[in-house]
Structure formats: structure tokens, C-alpha cells
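Scroll down for the structure; my scribbles are underneath it.
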2 protein chains.
Amino acid sequence: MSPRERILAVASRLFYQEGIRAVGVDTIIAKSEVAKMTFYKHFKSKDLLVLEFLNKRDEQWRAWFEATVHRLAPKVKDRPLAIFDAMEERFSNKDFRGCAFINTMIEVANGDHVAHQAAADHKHKVEKTIRTLLSDAGIEKSEELSKAFLMLIDGAIISAVREGKPGSAKAAKKIASVLLQNQHSKEK
Amino acid sequence: MSPRERILAVASRLFYQEGIRAVGVDTIIAKSEVAKMTFYKHFKSKDLLVLEFLNKRDEQWRAWFEATVHRLAPKVKDRPLAIFDAMEERFSNKDFRGCAFINTMIEVANGDHVAHQAAADHKHKVEKTIRTLLSDAGIEKSEELSKAFLMLIDGAIISAVREGKPGSAKAAKKIASVLLQNQHSKEK
DNA sequence: AAATATACAGACAGGTCTGTCTACTGTCAA
DNA sequence: TTGACAGTAGACAGACCTGTCTGTATATTT
């Protein structure tokens with residue numbers, strides 16, 4: 001593993017686990033066993049490292065998400081509800097500490113900051129993925145429903161963090177299934 | 001206004017607006033026009049000030065919540081859905097920056113910290129209030145539904161922060177009304 | 001063998017953080 | 001008038017923050 005990869009790996013783990021403000025560059029440098037100048041050669045500033053962390057995590061998260069939903073639900077019509085089974089898997093991880101993008105957005109506070117933009121972009125992409133899952137399952141008016149699903153996901157994430165257990169995923173799934181039934185009965 | 005009240009008022013505003021870690025005691029001391037020793041006379045540490053901020057905000061928030069729901073919905077059966085109208089009022093405030101308890105919980109990270117306990121306590125109390133609103137409206141199985149409502153509220157809060165506009169409250173209300181209808185039709 | 005690139009170790013500057021301490025001022029009551 | 005009390009102003013300690021700088025070692029390429 002190259003120094004650059006070590007730095008990014010260590011930083012990603014610590015940023016997610018403890019928060020961005022809580023982790024200093026000195027800690028990252030020490031834990032990735034790298035010289036300070038090597039760090040600043042590869043990342044011009046801490047902010048740029050944060051940005052790279054967010055971008056990489058966005059890609060990895062969405063790749064995981066699509067793969068897991070497909071694994072859990074081979075049939076397209078089962079995939080919308082499988083979203084919440086995927087979330088439950090995530091919530092059950094012992095290192096789960098919520099959504100890195102929500103966390104960053106809250107930690108940074110300033111709405112103009114790049115981190116907010118990154119969080120907004122990430123969630124928009126996730127919402128688009130959900131919309132595709134819904135319309136592939138034959139659901140009309142998938143736009144409103146995908147926004148509802150995203151809200152349920154975020155609510156479930158917060159509940160899971162607060163309670164320290166993954167039960168909220170099942171509750172969210174139940175709500176989602178009611179919404180789908182409701183949508184279905186309206187179409188008839 | 002006594003020095004102590006000034007400190008707490010300034011701290012509360014800044015903690016909510018910018019985050020706890022982001023605001024140093026020096027800033028609080030300067031803005032509340034107080035000597036440093038006066039600060040430390042009234043609050044033994046920053047952590048204790050944070051705790052008092054959270055406790056006070058919990059009381060004020062719930063008082064506002066109950067009063068607003070009652071104002072918006074004089075009839076008991078209208079109150080469950082009025083919860084989301086109340087939230088929309090909150091989201092529309094220009095200083096809205098999410099839920100102070102969620103924010104604190106995320107910012108602090110460590111699950112054993114008092115702030116987590118405070119957030120958990122607050123949300124439990126809110127859930128209990130919601131459960132009462134539901135059962136007063138004649139809804140059975142209010143426990144499961146109150147948890148669902150809380151999840152919708154938290155999801156709507158996150159969406160509102162992310163989008164910077166209060167629209168998510170209406171979306172959450174729509175979902176809640178579907179849940180209520182569904183509950184109602186099951187009872188029949 | 002010499003030159004170049006990369007990474008190492010660690011001192012340093014300049015700033016911020018929490019919390020402590022001293023010395024001074026104004027007020028009120030015994 | 002004297003003493004207690006609450007508050008002010010500001011220096012200070014010690015830790016931590018980001019980012020820069022010097023000098024050295026190693027490895028690869030020419």
C-alpha cells in the first residue's frame with residue numbers, strides 16, 4: 001500500500017468513526033506511518049483530504065448499495081423493499097455510526113461549504129438510484145415515492161444511531177410497504 | 001439579565017447555530033460581555049454548560065411543541081397530523097439548523113457521553129408526547145405508530161437541513177396520513 | 001557512479017483550545 | 001467604615017491545531 005493510499009484509508013476510517021473536526025492531521029500522519037511532508041505532498045490541505053474522503057465514500061457506498069439490493073432481491077419487483085434489508089445489514093455493523101454525509105453536513109454547519117454540496121450530491125444520486133429501482137419494479141409516480149423512501153432511510157439512520165441497534169430498518173420497511181400498497185391501490 | 005443568564009443565552013444560540021465543538025468558551029465570554037472568572041464561577045466546565053444548554057432546550061422545545069400542536073389543531077382528532085404542520089413552522093425559521101439533539105449526538109460521536117443520553121432522553125419524551133396525541137385521537141396501537149412518527153420527523157428534519165427548505169414537512173405529513181388511514185382500515 | 005525522486009524524522013511558527021490565577025472595582029450591609 | 005461579595009480585565013499554562021521548513025536516507029533511473 002502506497003503512502004497516499006495509507007493516508008486516505010486511515011483518514012477515512014477516523015473521519016467516519018470520530019468525526020472530521022475531532023481528528024487532526026497529526027493523528028492521521030502518526031497512524032498511517034508517514035512523514036508530515038509526505039502527507040502535505042499528497043494532500044494540499046486537510047480540507048482537500050476531507051473532500052477526497054467524501055467523494056470516494058460516495059462511490060463505494062452506492063456501489064455497495066446497488067450490489068446488496070440486487071443480491072437480496074433477485075426479482076426486480078422485490079427490490080424496492082429490499083432497500084431496507086440492505087440498510088439493516090449496514091446498521092448491524094458494529095462500526096456503524098450513521099451516514100457520513102449527514103454527519104459531515106451537521107458537523108460543518110455552514111451551508112455554503114463544499115461538504116454540504118458533497119452531501120447534497122450524494123443524496124441526490126441515491127435518490128436517483130431508488131427512483132430507478134421503483135420504476136423498474138413497475139411503480140408509477142416514482143419521483144414522489146423515491147423522495148419518501150429517502151426520507152425514511154434518513155429517519156431510520158438517525159433512529160439506529162440514537163438507539164444503538166438496527167431495529168429501525170424493519171420499522172421503515174413496514175412503512176414503505178404501506179406506501180407501496182397505497183400506491184398500488186390508487187393505480188387500480 | 002444576570003451574567004449567568006447572558007452566558008447561557010449566548011451559548012445556547014451559538015451551540016445550536018454553529019455546533020458545540022465549533023464554539024469556544026472565549027467566544028461565549030466575549031459575546032456575553034462577562035469576565036472569564038465569572039464564566040467559570042457559574043459553570044464549572046464547558047461540558048456542564050453544554051449539559052445545561054441541552055436540558056433547557058429539551059424543556060423549551062417540548063413546551064413549544066405541545067403548545068403549537070394545540071394551537072394548530074383545536075380538535076384532538078386533528079392533532080396527530082398537525083405535528084407535521086408544527087414541524088413545518090419550525091423548518092421555516094431562518095435560523096433552523098436541524099435538531100439540536102441529533103446534531104449533538106453526531107458531533108460528540110462517543111455513545112457513552114452525556115450528550116447521547118440527553119438526546120436519547122429528549123427523543124423518548126417526544127415520542128411519549130406523540131403517543132399521547134395519538135391515543136387521545138382514538139388511535140389504537142399508538143406505540144408502534146408513535147415510533148413511526150418520530151422516524152418521519154427525524155427524516156424530515158434531515159431532509160429540510162439538506163435541502164435548505166421546509167418542503168419535507170408536507171411530504172412527511174402525507175406519509176403519516178397514509179399510515180393513519182391504513183391503521184384505521186385495519187381497525188374496521 | 002551520479003542524479004533524481006520519494007519518503008523519512010522532527011523542529012518550528014502561529015494560532016486556538018480549556019481552564020487557572022492575580023489584581024482591581026463597585027456595591028451593599030453590618 | 002469596614003468587610004464580604006460579585007464582577008471585570010487580562011496574563012498565563014499546557015495542550016492541541018494546521019501547515020512549513022530543514023536535513024537525511026533510500027531507491028530508481030540515467
Just how far, in rounded Å, is P of D/dT20 from NZ of A/K41? 15 Å

A/F96: which residues meet the ring pair (Phe, Tyr, Trp, His ring centres under 6.0 Å) condition with it, sequence neighbours left out? A/F91

Rounded distance [0.5 Å steps], CZ in B/F53 versus CD1 in B/I20: 5.5 Å

D/dA6 phosphate, OP1 or OP2: any side-chain N/O from B/H42 under 4.0 angstrom? no

Check the orientation of B/F39 and B/F43. Use parallel for under 30°, tilted for 30 to 60°, and perpendicular for over 60°. tilted

Distance, nearest 0.5 Å, that separates NZ of A/K46 from CZ of A/R21: 8.0 Å

If I take atom CD1 in residue A/I28 and atom P in nucleotide D/dC16, what distance separates them, rounded to the nearest angstrom? 16 Å

Side-chain donor-acceptor contact under 3.5 Å, B/E5 with B/S2: yes

Are B/R79 and B/D136 within salt-bridge range, i.e. N to O under 4.0 Å? no

Does this structure show an ion pair linking A/E89 with A/R71, if we count only N-O contacts that are shorter than 4.0 Å? yes

Which residues in residues 103-117 of chain A have at least one heavy atom lying under 4.0 Å from any atom of DNA chain D? none

Rounded distance [0.5 Å steps], OG1 in B/T104 versus NE2 in B/H116: 9.5 Å

Under a 4.0 Å heavy-atom criterion, the protein footprint on nucleotides 8-24 of chain C, written with B, S and -, is BBB-------BBBBB--

